[in-house]
Amino acid sequence: GPALPDAIAAGAAAFDGSRVIYAGGFGQENLSSDVLALEGDSWERIGALAIARHHLAAASDGSGTVWLMGGRIRGLDENLGIVERLTDDDITQIAELPTPRGGVAAFHAETVGACLTGGEAPDQAYRTVECVAPDGTISALPPLNEPHHGHGAAVVDGVAYVLLGGPQPRLSASSTVESLAVR
């Protein structure tokens, strides 16, 4: 596919049902607040995050809405709990999660909304799973069995999978795959 307008890392991507959305990250010099959409053969800037950040996560309902969740401004001590919702090209901050964290993954399930999993802070990696319903109501799922950061998450047939990542802050790795029923 076409290259992004700038070299960037540690942003978040999701498919909104008709296009790929990419948000945040950091480049050679600066954090990015850009929210980009792959429109045909090129990336178009469609808006901006409330706060430029990296190591955030994105989740989509596949029907036009993407949630941009968590992340950090610089180091592990500058984590955020922000949740922004993108519908069409409108970006709105809808919630602040109780556990600010970066190095996260996210998924969406009809029954619970958009959920942020794991993450890290200076002194720990998290087992936390916090969700945001479309109206901004926050709830929590049971914690993961192990902490995860720098991991992935996906939903298949009503089961959310949280895959790999590190159990300790900074550079660590695990082969753990966990599942959560979200039917």
Got a second to check how far [X]'s [atom1] is from [Y]'s [atom2], nearest 0.5 Å?
X	Y	atom1	atom2	value
His151	Thr117	NE2	OG1	3.0 Å
Arg72	Leu80	CZ	CG	9.5 Å
His108	Ser63	NE2	OG	8.5 Å
Leu4	Trp43	CG	CH2	5.0 Å
Glu44	Leu36	CD	CG	9.0 Å
His55	Arg74	NE2	CZ	15.0 Å

Between [X] (side chain only) and [Y] (backbone N and O only), is there a donor and an acceptor less than 3.5 Å apart?
X	Y	answer
Arg127	Gly118	no
His54	Ala9	no
Arg53	Gly70	yes

Check your understanding: Is the number of heavy atoms from other residues, nucleotides or ligands within 6.0 Å of CD (Glu110) greater than 12?
Key -> no

Check your understanding: Does CG belonging to Asp41 count more than 12 external heavy atoms closer than 6.0 Å?
Key -> no

Quick one: do [X] and [Y] end up in the same hydrophobic cluster if we chain Ile, Leu, Val, Met, Phe, Trp and Tyr together by side-chain heavy atoms under 4.5 Å apart?
X	Y	result
Leu180	Leu163	no
Val177	Leu144	no
Leu97	Val129	no
Leu68	Ile46	yes
Val104	Ile94	yes

4.5 Å side-chain heavy-atom contact, [X] and [Y]:
X	Y	answer
Thr99	Tyr126	yes
Ile82	Glu96	yes
Phe15	Ser60	no
Ile91	Arg85	no
Val35	Leu49	yes
Thr128	Pro143	no
Asp34	Tyr22	no
Pro167	Ser172	yes

Study note, to complete from the structure: Which of Ile73, Leu56, Leu31 passes side chain to side chain contact (heavy atoms under 4.5 Å, CB included) with Ile51? It is Ile73

Check your understanding: Only one of Thr87, Asp88, Ile21 forms a side chain to side chain contact (heavy atoms under 4.5 Å, CB included) with Asp16, so which one is it?
Key -> Ile21

Practice item. Go through the steps for Glu178 and Thr176 under the test side chain to side chain donor-acceptor pair (under 3.5 Å), then give the verdict. Key: CA-CA 7 Å; Glu178 298 192 48; Thr176 302; 6.0 Å; no

Practice item. Show the numbers, then the answer: is there a side-chain contact (heavy atoms from CB on, under 4.5 Å) between Phe107 and Val182? Key: CA-CA 10 Å; Phe107 65 84; Val182 290; 4.0 Å; yes

Compare every heavy atom of [Y] with every heavy atom of [X], then report the nearest pair and how far apart it is.
X	Y	result
Cys131	Val112	CB-O, 3.5 Å
Ile8	Gly24	CD1-O, 3.3 Å
Ala121	Pro169	O-CB, 3.4 Å
Pro122	Arg170	O-NH1, 3.8 Å
Ala59	Ala114	CB-CB, 4.5 Å
Asn79	Glu120	ND2-O, 2.7 Å

Exercise for review: Determine, stepwise, if the pair Val155 / Tyr161 fulfils side-chain contact (heavy atoms from CB on, under 4.5 Å).
Suggested key: CA-CA 6 Å; Val155 175; Tyr161 294 92; over 6 Å; no

Exercise for review: Give a yes or no on whether a salt bridge exists between Arg19 and Glu39, defined as a side-chain N under 4.0 angstrom from a carboxylate O.
Suggested key: yes

Revision key, fill the gap. Checking His149, Glu130, Gln124 against Arg101 for side-chain hydrogen bond (donor to acceptor under 3.5 Å, both in side chains), the one that qualifies is Glu130

